[in-house]
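Here the structure is laid out as structure tokens; the discussion comes afterwards.
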Amino acid sequence: MDKFTIEFYERENGTIPAEEFLLSLNVKMRAKLVGIMKILQEKGNLLREPYSKHLEEGIFELRGKVGNDISRVLYFFYHDGKIIVLSGFLKKTQKTPRSEIIRAKRYRNDYLERYGNHEKI
């Protein structure tokens, strides 16, 4: 697989959590994360730290840092080179909050229920 495309998860009510998060960020952090998303689109599942890290059960995080501000965008790999961006948050603690991982899994499950549960990469 050498072609990856990024799609944003959309809830049934039409809101797009990751997009809302990105738009809430300051310009520098948003630019940093968008840049890393472009690298993710090029490298796909070969992207590693410091840009990307596997958390658990197929949920990954994109890692952005500007000054002392740290942000994360959670995503998973779908079939045919699709990367589904789920949500994002500002990181305040050493570990990724459990609630953020649970939310990402809930969004992924919703996506799979609505768009087909094909084999994940």
Please determine whether salt bridge (Lys or Arg N to Asp or Glu O under 4.0 Å) holds for the pair K105 and E56, giving the CA-CA distance in whole Å, both sets of side-chain angles, and the decisive distance to 0.1 Å.
CA-CA 10 Å; K105 288 180 181 180; E56 62 181 62; 2.5 Å; yes
Check the pair L86 / F76 against side-chain contact (heavy atoms from CB on, under 4.5 Å), numbers first and verdict last.
CA-CA 8 Å; L86 300 166; F76 74 99; 3.7 Å; yes
Using side-chain contact (heavy atoms from CB on, under 4.5 Å), reason through V73 and I36 one step at a time and then give a plain yes or no.
CA-CA 10 Å; V73 173; I36 295 170; over 6 Å; no
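By the 4.5 Å heavy-atom criterion applied to side chains, F4 and L40 are not counted as neighbours. Between R108 and I84 the shortest side-chain heavy-atom distance does not fall below 4.5 Å. Using a 4.5 Å cut-off on side-chain heavy atoms (C-beta onward), P17 and Y9 make contact. Taking 4.5 Å as the limit, some side-chain heavy atom of L22 sits within range of a side-chain heavy atom of M37. A heavy-atom distance below 4.5 Å is found between the side chains of L90 and L25. Contact annotation: the side chain of F89 approaches that of T96 to within less than 4.5 Å [non-hydrogen atoms, C-beta and beyond]. Y75 places none of its side-chain heavy atoms less than 4.5 Å from the side chain of I6. Contact of the V85 side chain with the L62 side chain is not registered, since no non-hydrogen atoms from C-beta on lie closer than 4.5 Å.
Distance alone, capped at 3.5 Å, is enough to place a donor-acceptor pair between the N13 side chain and the T15 backbone.
A distance of 10.5 Å separates OG of S71 from NZ of K91, quoted to the nearest 0.5 Å. In this structure, NZ on K95 lies 7.5 Å from CD1 on I101, to the nearest 0.5 angstrom. The OG1 atom of T93 sits 9.5 Å away from atom CD1 of I70, with the distance rounded to the nearest 0.5 Å. Rounding to the nearest 0.5 Å gives a distance of 11.0 Å between CZ of R63 and CG of L47. Rounded to the nearest 0.5 Å, atoms CD1 (I102) and CZ (R106) are 8.5 Å apart. Here the straight-line distance linking atom CG of L74 with atom CZ of R103 works out to 9.0 Å at 0.5 Å rounding.
Both Y115 and I59 are assigned to one and the same hydrophobic cluster, defined by single-linkage of ILVMFWY side chains at heavy-atom distances under 4.5 Å. In terms of hydrophobic clustering, with Ile, Leu, Val, Met, Phe, Trp and Tyr side chains grouped at heavy-atom distances under 4.5 Å, F60 and V34 are assigned to different clusters.
Scanning all heavy atoms of the two residues, the minimum distance from F8 to A18 falls at CD2-CB, 3.6 Å. Among all heavy-atom pairs drawn from R48 and N45, the shortest one is NH1-O, 2.7 Å.
Taking the ring centroids of Y111 and Y78, they lie under the 6.0 Å cut-off.
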